[in-house]
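Since the model is a prediction, treat every value here as computed from it, not as a measurement.
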Amino acid sequence: KLHRDLKTTFVYVTHDQTEALTMGDRIAIFNAGHLQQVGTPQEVYQRPANLFVATFIGSPQMNLLRGTLEHRATTTTVSGENFSFTVPAARDVRPGAVVVGFRPEHLLPHSQGDGTYHAEVDVVEPMGSEAFVYLRAAEGHVVARVGDIALPEVGSTLQLGVASDKIHLFDPDTEARLL
């Protein structure tokens with residue numbers, strides 16, 4: 001409110017991503033003194049420039065899995081041991097090793113997503129209007145943020161999907177955003 005009322009430019013330095021996201025019109029993210037990305041809070045959250053920004057912005061952080069991108073005659077998929085997602089927008093990305101990312105709130109019931117991710121429920125944290133479901137699979141841990149649903153039991157296996165327009169791809173070597 002103070003920022004709005006004074007109608008002046010503020011430069012605010014913080015290590016608290018929540019403060020940066022809520023107070024900034026534009027934010028700049030640095031790592032070890034190097035500028036990683038500049039943008040509005042929504043731009044930075046929705047289209048992180050690299051793996052550092054993807055994991056720094058957002059709580060819980062973006063889920064990351066190592067996979068292989070493959071172009072077939074009519075589809076493009078990214079897959080790993082416990083997942084396979086269709087990614088039509090990745091047609092121009094070179095095939096091969098990638099890091100696939102998706103936000104916890106973008107994991108959906110299998111029937112609503114593009115592809116599948118299946119894993120064992122490790123921990124369930126009810127938070128009132130939502131819950132965090134921690135899943136364990138061969139690729140590591142993934143967190144799902146779920147709303148008003150029947151909570152799964154620890155030890156059960158879930159099959160989830162991700163909307164293809166919510167999937168991010170990163171180069172495993174340079175860590176730069178590919179999609």
message = Go through it in stages, so that I can follow the logic: the residues are Val98 and Thr68, the test is side-chain contact (heavy atoms from CB on, under 4.5 Å), and I'd like the CA-CA distance, side-chain angles, deciding distance and then a yes or no.
response = CA-CA 6 Å; Val98 294; Thr68 303; over 6 Å; no
query = Is the closest side-chain heavy-atom distance between His71 and Pro95 below 4.5 Å?
reply = yes
Gap between atom OG1 of Thr157 and atom CZ of Arg136 - 0.5 Å precision = 10.0 Å
key: Qualifying residues under side-chain hydrogen bond (donor to acceptor under 3.5 Å, both in side chains), relative to Gln61, sequence neighbours excluded   = none
task = Could you check if a side-chain atom of Arg177 sits within less than 4.5 angstrom of a side-chain atom of Pro48, using non-hydrogen atoms only?
result = yes
Linked, directly or transitively: Leu64 and Leu169 (ILVMFWY side chains, under 4.5 Å) = no
query = What's the verdict on side-chain contact (heavy atoms from CB on, under 4.5 Å) for Ser156 and Glu120, showing C-alpha distance, side-chain angles and the deciding distance?
reply = CA-CA 6 Å; Ser156 64; Glu120 181 182 333; over 6 Å; no
task = List for me each residue that meets salt bridge (Lys or Arg N to Asp or Glu O under 4.0 Å) alongside Glu81, sequence neighbours excluded, and say none if there are none.
result = none
request  = Could you tell me which residues satisfy side-chain contact (heavy atoms from CB on, under 4.5 Å) with Pro172, sequence neighbours excluded, listed by chain and number?
outcome  = Arg66, Arg94, Ala97, Val99
note = Scanning both residues in full, the closest heavy-atom pair of Arg72 with Glu70 reads NH2-OE1, 3.4 Å
query = Can you check whether Val87 reaches Leu179 side chain to side chain, under 4.5 Å on heavy atoms?
reply = yes
inquiry  = Suppose we screen for side-chain contact (heavy atoms from CB on, under 4.5 Å). Which residues come up paired with Gln46, at least two apart in sequence or across chains?
reply    = Gln42
Just list the side-chain donor-acceptor pairs under 3.5 Å for residues 126-133, sequence neighbours left out, or say none.
none

Minimum side-chain heavy-atom gap Val78-Thr86 below 4.5 Å = no
task = For Glu105, enumerate each residue passing the salt bridge (Lys or Arg N to Asp or Glu O under 4.0 Å) test, keeping only those at least two apart in sequence or located in another chain.
result = Arg145
inquiry  = Return the OG to NE2 distance between Ser164 and His106, rounded to the nearest 0.5 Å.
reply    = 12.0 Å
remark   = By side-chain hydrogen bond (donor to acceptor under 3.5 Å, both in side chains), Gln37 pairs with (sequence neighbours left out) none
query = In Å, rounded to the nearest 0.5 Å, how long is the span from CG of Asn63 to CZ of Arg103?
reply = 9.0 Å
task = Would you name the heavy atoms of Phe170 and Ala54 that are closest together and state the gap between them?
result = CZ-CB, 3.8 Å
request  = Search all heavy atoms of Pro41 against all heavy atoms of Gly24 and return the closest pair with its distance.
outcome  = CG-O, 3.2 Å
inquiry  = When you compare the side chain of Tyr117 with that of Val142, does any pair of heavy atoms fall below 4.5 Å?
reply    = yes
ask   = With a 4.5 Å heavy-atom cut-off, do His118 and Leu158 have their side chains touching?
value = no
ask   = In Å, rounded to the nearest 0.5 Å, how long is the span from OG1 of Thr76 to CG of Leu69?
value = 6.5 Å
query = Which other residues belong to the hydrophobic cluster containing Ile29, where Ile, Leu, Val, Met, Phe, Trp and Tyr are joined when side-chain heavy atoms lie under 4.5 Å apart, directly or via other members?
reply = Leu21, Ile27, Val44, Tyr45, Phe52, Val53, Phe56, Ile57
task = Check the hydrophobic clustering (I, L, V, M, F, W, Y; side-chain heavy atoms under 4.5 Å; chains of links allowed) and say if Leu151 and Tyr134 are grouped together.
result = no
request  = Please collect all side-chain hydrogen bond (donor to acceptor under 3.5 Å, both in side chains) contacts where either partner lies in residues 20-31, sequence neighbours excluded, each pair once.
outcome  = none
Val124 with Leu135, same ILVMFWY side-chain cluster at under 4.5 Å = yes
inquiry  = If hydrophobic clusters are built from ILVMFWY residues whose side chains come within less than 4.5 Å, do Val162 and Met62 share one?
reply    = no
request  = Could you list the residues that satisfy side-chain contact (heavy atoms from CB on, under 4.5 Å) with Phe30, not counting sequence neighbours?
outcome  = Ala28, Leu35
message = I'd like to know if Leu65 and Leu107 are part of one continuous hydrophobic network [Ile/Leu/Val/Met/Phe/Trp/Tyr, side-chain heavy atoms within less than 4.5 Å].
response = yes
ask   = Can you name the nearest heavy-atom pair linking Asn82 to Glu139, along with the distance?
value = N-OE2, 2.8 Å
ask   = Quick check: does any side chain N or O of Gln17 sit under 3.5 Å from a backbone N or O of Gly58, one acting as donor and the other as acceptor?
value = yes
message = My understanding is that only residues two or more places apart in sequence, or in another chain, count here; which of them pass ring pair (Phe, Tyr, Trp, His ring centres under 6.0 Å) with Phe102?
response = Phe85
ask   = Mind checking what makes side-chain contact (heavy atoms from CB on, under 4.5 Å) contact with Thr14, not counting sequence neighbours?
value = Tyr12, Asp16, Glu19, Ala20
